[in-house]
Student: 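This structure is in structure tokens; I'll ask about it shortly.
None of these values were measured; they are calculated from a predicted model.
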Amino acid sequence: AFSWNLMLCAYSRNHDIELARRVFDAMPERDAVTWNAMLAAYSRAGHIDQAQEIFDSMPQPNIASWNTLLSMYALSGRLERAHHLFNCMPQRNLMSWTTVLAAFAERGHLDYAETLLQKMPEKDLISSTIILTMFAKHGQIEKAKHVFAEMPHVDMVTLNTLLTVNAQSGDLEKTRSVFMSMPERDLISWNAMLSAYGQLGNHVGDSSKFFRDMPERDLVSWNSLLAAYVQNGHFDDAYEALQNLMPQHDCVSWSTVMHGFVLYGQLERAENMFHEIPVQVLACQNLMLSAYSQAGRLYEAKE
RNA sequence: AGGUCCGGUUUGUUGC
């Protein structure tokens, strides 16, 4: 089964689910890895029913099988189902706990997530960081800081999260001092700091200088720069960057610049951009809808 | 020895 499994996994990683299934069906014998790989393939592809079918046919699901199924339901937002599975599982490991925790935290079930955290037999950096992020995203900054203070160890991801926490509490100096004190930084650290400058800085120049000094940049960095421009009223610079400087754009770039136009009363320019967008983007549609409504242009809003 | 478990962090819109 070993080499067949390799083939199955290769197809699955390539998103070729049909071929993966054909290998699966052709196999003279299957082991636990085979079943789990097929299950993971369907789960990755979002084929929930087929995944469930594989799981139900498994001779002996192990902890990896349960976790795969659990993660599938958690990620697709079927929390009751995920929670039910979690309770029914014959064993749970750290990953099972964290998957459920992340699902509830993500959806803003703060109290329940906190209870889960307390019930966890072992916690690690990841579970604490999930809770930290959850509190930060829901504006519970003091609680987030408390979670951080209780953590015995931290790593770069935790510190990256702390950058965001401090930025959300409006403290640019603190954000900067965390950034400076980090033993190592990755692109996410740099992007988080850039975003803090955009939200809290008083001068666009600080954002663009920081941007220039970055060791590398990606689309998120560029989009954060656009947001910094917009935040400070420089919608034309944002548009200029989008048109002439950015190596790529995405729907975040478009909606950021369009939002700049809307904020500063340039509804026609927002409109023009909206019509130039190559694909339909829900966020941009929402933006135009809200802009038309606020301008009393109900006919266009309805359109 | 080596194969299966997609658990955490950064950017935009509307709503909450």
Student: Examine the side chains of A/Tyr292 and A/Glu271 and answer whether a donor and an acceptor come within less than 3.5 Å of each other.
Tutor: yes
Student: Would you please confirm or rule out a distance under 4.0 Å between OP1 or OP2 of B/U10 and any side-chain N or O of A/Lys137?
Tutor: yes
Student: From the options B/U9, B/C5, B/U11, select the nucleotide whose nearest atom is closest to the side chain of A/Ala227.
Tutor: B/U11
Student: Looking only at side-chain atoms of A/Ile130, point me to the closest of B/G12, B/U9, B/G8.
Tutor: B/G8
Student: Looking only at side-chain atoms of A/Arg44, point me to the closest of B/U9, B/C5, B/U11.
Tutor: B/C5
Student: Between A/Met95 and A/Val33, is there shared hydrophobic-cluster membership here, with clusters defined by ILVMFWY side-chain heavy atoms closer than 4.5 Å?
Tutor: no
Student: Are OP1 or OP2 of B/U13 and a side-chain N or O of A/His259 less than 4.0 angstrom apart?
Tutor: yes
Student: Which class fits the ring pair A/His109 and A/Phe104: parallel under 30°, tilted 30 to 60°, perpendicular over 60°?
Tutor: perpendicular
Student: Which one, B/G12, B/G7, B/U9, comes nearest to the side chain of A/Thr161?
Tutor: B/U9
Student: Looking at B/G7, B/U11, B/G8, which one has an atom nearest to any side-chain atom of A/Val157?
Tutor: B/G8
Student: Which value, rounded to the nearest 0.5 Å, describes the distance between A/Gln140 atom CD and A/Ile131 atom CD1?
Tutor: 11.0 Å
Student: Please pick, from B/U14, B/U4, B/G7, the nucleotide with the shortest atom-to-atom distance to any side-chain atom of A/Asp124.
Tutor: B/G7
Student: Of the nucleotides B/C6, B/U10, B/G8, which has the atom closest to the A/Ser195 side chain?
Tutor: B/U10
